[in-house]
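The structure appears below as C-alpha cells.
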Amino acid sequence: MIRGARLHMLDIQQLRSNLQNIITRLAQRGYDFPVADFESLESQRKSVQTLTQTLQAKRNSASKQIGIARQRGEDVSLIMAEVANMGDELKQAENQLEAVQTRLQQLLLEIPNLPHDSVPAGKDENDNLEMRRWGTPKTFDFPVQDHASIGEHLKLIDFETAAKLSGARFSLLKGGLARLHRALAQFMLDTHTQENGYNEIYVPYLVNADCLRGTGQLPKFEQDLFAVRSGAQEEADNPDKTGPAGLHLIPTAEVPLTNIVRNTIVPLENLPLQFVAHTPCFRSEAGSYGRDTRGLIRQHQFDKVELVQITHPEKSHEALESLVGHAEKILQKLELPYRVMLLCTGDMGFSAAKTYDIEVWLPAQQAYREISSCSNCEAFQARRMQARFRKGQEKPELLHTLNGSGLAVGRTLVAILENYQNEDGSITIPEILRAYMGGIERIGL
RNA sequence: GGAGAGAUGGCCGAGUGGUCGAAGGCGCUCCCCUGCUAAGGGAGUAUAGGCUCAAAAAGCUUAUCGAGGGUUCGAAUCCCUCUCUCUCCGCCA
C-alpha cells in the first residue's frame, strides 16, 4: 500500500505551479533550491504515480468482478488468470513510486520556510534591522565584572563541579543564585499566565521523531539534538519508531507545545491557543566550539519559559507583535535595557517566516545579546504537523504557529548578575523578584 | 515485570475475506411541514493525494478502519511486529 498523504514543508501545489518565485524567495535566505533534482523527481513521480494508480484501478475493478461472479456462482478462472499476471507489474510500480516519493519527501523536508514580505533581505546578522530600544544602559563608576566572575566570587556558580558531573557547557548554581534562577522562572510564568492570557502547560522533555519533524528540527538538524535510549535497548535503531526508541531531549519547549495540535482540527472558536511552559532545553551545540565557552551564555542544558501561539492564518502577524510584547514586558519589569531586532532573510531559523530577536544589554560585553527569539512560522510547521482548524462546515485549513522565548532563564540570570552588580561584588535583587526571594534585596558574600 | 481485554468516521456502535469509505444511532447542515414550542418528513454530512483542465466547475481515480509489514485476484475482517488504552497482580517516586 502506498500512503496517499505526504507531508511537505512548503505547499506542494505552490511549488509545482510557482516554482521560479519560490526559488527566488528562498535564495534570499541563502538557500539554493535543487531545481534539477526536484524537477526530475517530480516528473518521475508523475509518470510512476499515474501508472501505479491505473494498475490499482484495474486490479480493484477486476477483483470486484470476481466477487460478483463468485456470488452468482459463475466461473472466475478467466478473470483470475488475467489479474494474476498484473501482480508483479503492480508491485514493481508501487515500489518505484514509494522510492520516488521518499526521495522527493527527503528533498522537500529540507527546504526552509519562505520569508514574509516584511522581512528585510540580507545575508547575516549585520543586516538585521533594529526596531526599537528600551531602557538606558547603566553607567558604572567601578570596573564591571562579567557574570561568570561575579558568580564565582560569590561562590554561587560552580563550573568545575559541573564539569566533573557532566563535562563542559554545564553549570551548577548554588544557594541564592539557584533560588534567583527559580524565582525568575516563577515570575515569568506568573506574568504570562496572569497578565498575558497564556495557559500553563507541563510537557514531556523527551519527544518522538514526529514531533521534531513537525516543528522542523528533523530531518536536517539531528546533530543539534541529544538522542536518548532506555537502558533496555541495544541501540536507538529506528528513529522513526514511536515509543522509547528514538526519543530526543527537547531543544526547546516549542517542540512539545506546538505539537499539541499535531494531527488535530481545532474548532475556530478555540483560537487563538496560547501556551506557556517552563522547561529545561538540551542542545548539543555542535559546531559552536570556541564560542561563548565562558559562563552561562551557551550551555548544553538551560531553562527557558516558552510562549507558543496557535492562530488563525489572518491573525498570525498581529499575534507575533503581541508575543514579542509579552517577552519584552518581562525585561521591562526587570528593568533590563534591551533592543528588538527584526532578523533579515539570511539570519532566520529554518521554520520561521519572520523573526524578532530581543537582545539584552550586557555591561561586561558592552553589547546587546540575544535573550529571546520570537517567530511566526505561518503554515510551515502546521503543514508538517497537519495542524488545522475548521470554520463551520467548510474544509479544514492550516493553522499558523508562533513561538518565542519569554525568556531564556539562564541568560536572564546573566543579565541580572551583570546589570545589577555592585562594587563589592554583591547583586541587588530586582524589585519585582523580591516577592519571589523571600523579600531579600541583595545577594552577597 | 506477569495475566487478560481492547483500538472502526465528530461521538456511540455494527461489521471475521468479496459490489465496504464502511450498517444503525446520536450530533451537525440544508430543505419541507406544523400558527409558537415540542414532534415529524426528506436530503446531505471524513481526510489527503493524483489525472483531465489555462483556470474554475466538473469528472475520473488512488490511499486511509491505531502504526508498519505479510498472505490473497481481493483485507476493517486472516498472519507477524510495534504503539497506545483499559482491568487485575507485582514493583516503584
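Naming convention: chains lettered A, B, ... in sequence-line order (proteins, then strands); numbering from 1 in each chain.
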Once you round to the nearest 0.5 Å, how far does CG of A/Leu51 lie from CD of A/Gln92?
->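 The distance works out to 9.0 Å.
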
A/Arg59 side chain near B/A63 phosphate (N/O to OP1/OP2, under 4.0 Å) |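 Yes, A/Arg59 has a side-chain N/O under 4.0 Å of OP1/OP2 on B/A63.
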
Phosphate contact (B/A63 OP1 or OP2) by A/Asn60 side-chain N/O below 4.0 Å |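 For B/A63, OP1 or OP2 has a side-chain N or O of A/Asn60 closer than 4.0 Å.
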
Side chain of [X], heavy atoms from C-beta onward: which of [options] has the nearest atom to it?
{"X": "A/Ile66", "options": "B/A63, B/G18, B/A48", "answer": "B/G18"}
{"X": "A/Lys46", "options": "B/U19, B/G74, B/C51", "answer": "B/C51"}
{"X": "A/Gln386", "options": "B/U61, B/G74, B/A48", "answer": "B/A48"}
{"X": "A/Arg388", "options": "B/U19, B/C73, B/U47", "answer": "B/U47"}
{"X": "A/Gln53", "options": "B/A63, B/U61, B/A48", "answer": "B/U61"}

Do A/Asp88 and A/Lys91 sit within salt-bridge range, that is, some charged N less than 4.0 Å from a carboxylate O?
->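 Between A/Lys91 and A/Asp88 there is no salt bridge, as every charged N stays at least 4.0 Å from the carboxylate O atoms.
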
Write down the distance separating the [atom1] atoms in [N] and [M], rounded off to the nearest Å.
{"N": "B/U45", "M": "B/A22", "atom1": "P", "answer": "10 Å"}
{"N": "B/G25", "M": "B/U37", "atom1": "P", "answer": "25 Å"}
{"N": "B/A5", "M": "B/G59", "atom1": "P", "answer": "47 Å"}
{"N": "B/G17", "M": "B/U52", "atom1": "C1'", "answer": "35 Å"}
{"N": "B/A58", "M": "B/C53", "atom1": "C1'", "answer": "10 Å"}
{"N": "B/C82", "M": "B/U29", "atom1": "C1'", "answer": "40 Å"}
{"N": "B/G74", "M": "B/U16", "atom1": "C1'", "answer": "15 Å"}
{"N": "B/G42", "M": "B/U81", "atom1": "C1'", "answer": "49 Å"}

Taking the six-membered ring for Trp, are the ring centroids of A/His248 and A/Phe226 within less than 6.0 Å of each other?
->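 Ring centres of A/Phe226 and A/His248 not closer than 6.0 Å.
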
Give the stems involving RNA chain B, where a stem is 3 or more consecutive Watson-Crick or G-U wobble pairs (i with j, i+1 with j-1, and so on) under 3.5 Å.
->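 Runs of three or more consecutive pairs: B:1-7 with B:83-89, B:10-12 with B:24-26, B:27-32 with B:40-45, B:46-52 with B:58-64, B:66-70 with B:78-82.
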
Which residue lies more 5' along RNA chain B, comparing A/Ile68 with A/Gln13 via nearest heavy atoms |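 Nearest-nucleotide comparison on RNA chain B picks A/Ile68.
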
Nearest-nucleotide comparison on RNA chain B, the residue closer to the 5′ end among A/Arg45 and A/Val83 =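 Counting from the 5' end, the first nearest nucleotide belongs to A/Arg45.
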
Distance, rounded to the nearest Å, where [X] contributes [atom1] and [N] contributes [atom2]:
{"X": "A/Lys395", "N": "B/G49", "atom1": "NZ", "atom2": "C1'", "answer": "11 Å"}
{"X": "A/Arg70", "N": "B/G18", "atom1": "CZ", "atom2": "P", "answer": "11 Å"}
{"X": "A/Asn263", "N": "B/A67", "atom1": "CG", "atom2": "P", "answer": "11 Å"}
{"X": "A/Gln101", "N": "B/U62", "atom1": "CD", "atom2": "P", "answer": "16 Å"}
{"X": "A/Glu94", "N": "B/G70", "atom1": "CD", "atom2": "P", "answer": "10 Å"}
{"X": "A/Gln56", "N": "B/C51", "atom1": "CD", "atom2": "C1'", "answer": "14 Å"}
{"X": "A/Leu55", "N": "B/U62", "atom1": "CG", "atom2": "P", "answer": "11 Å"}
{"X": "A/Glu394", "N": "B/A46", "atom1": "CD", "atom2": "C1'", "answer": "16 Å"}

NZ of A/Lys315: more than 12 outside heavy atoms within 6.0 angstrom?
->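 12 or below, so no.
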
Has A/Glu89 got more than 12 heavy atoms of other residues, nucleotides or ligands less than 6.0 Å from its CD?
->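 Open.
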
Listed by chain and number, what are the salt bridge (charged side-chain N to carboxylate O under 4.0 Å, His left out) partners of A/Arg291, not counting sequence neighbours?
->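 Here no residue qualifies.
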
Who are the salt bridge (charged side-chain N to carboxylate O under 4.0 Å, His left out) partners of A/Arg442, not counting sequence neighbours?
->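 A/Arg442: salt bridge (charged side-chain N to carboxylate O under 4.0 Å, His left out) contacts with A/Asp424.
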
Sugar-phosphate only, base, or nothing, as touched by A/Ala57 at under 4.0 Å among non-hydrogen atoms =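 Contact class for A/Ala57: sugar-phosphate only.
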
Which part of the nucleic acid does A/Arg72 contact within heavy-atom distance under 4.0 Å: base, sugar-phosphate only, or nothing?
->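 Touches nothing.
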
With A/Cys374 as reference, evaluate A/Leu323, A/Leu343, A/Leu307, A/Asp357 under the side-chain contact (heavy atoms from CB on, under 4.5 Å) test and give the passing residue.
->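 Going through the options one by one, the only one that passes is A/Leu323.
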
When you look at A/Asp210 and A/Arg384, which way does the salt bridge (Lys or Arg N to Asp or Glu O under 4.0 Å) test go after all the steps?
-> CA-CA 9 Å; A/Asp210 286 338; A/Arg384 293 173 155 241; over 6 Å; no

Can you find an N or O donor on one side and an acceptor on the other, under 3.5 Å apart, linking the side chain of A/Gln49 with the base of B/G49?
->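 By the distance-only test, no, there is no pair.
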
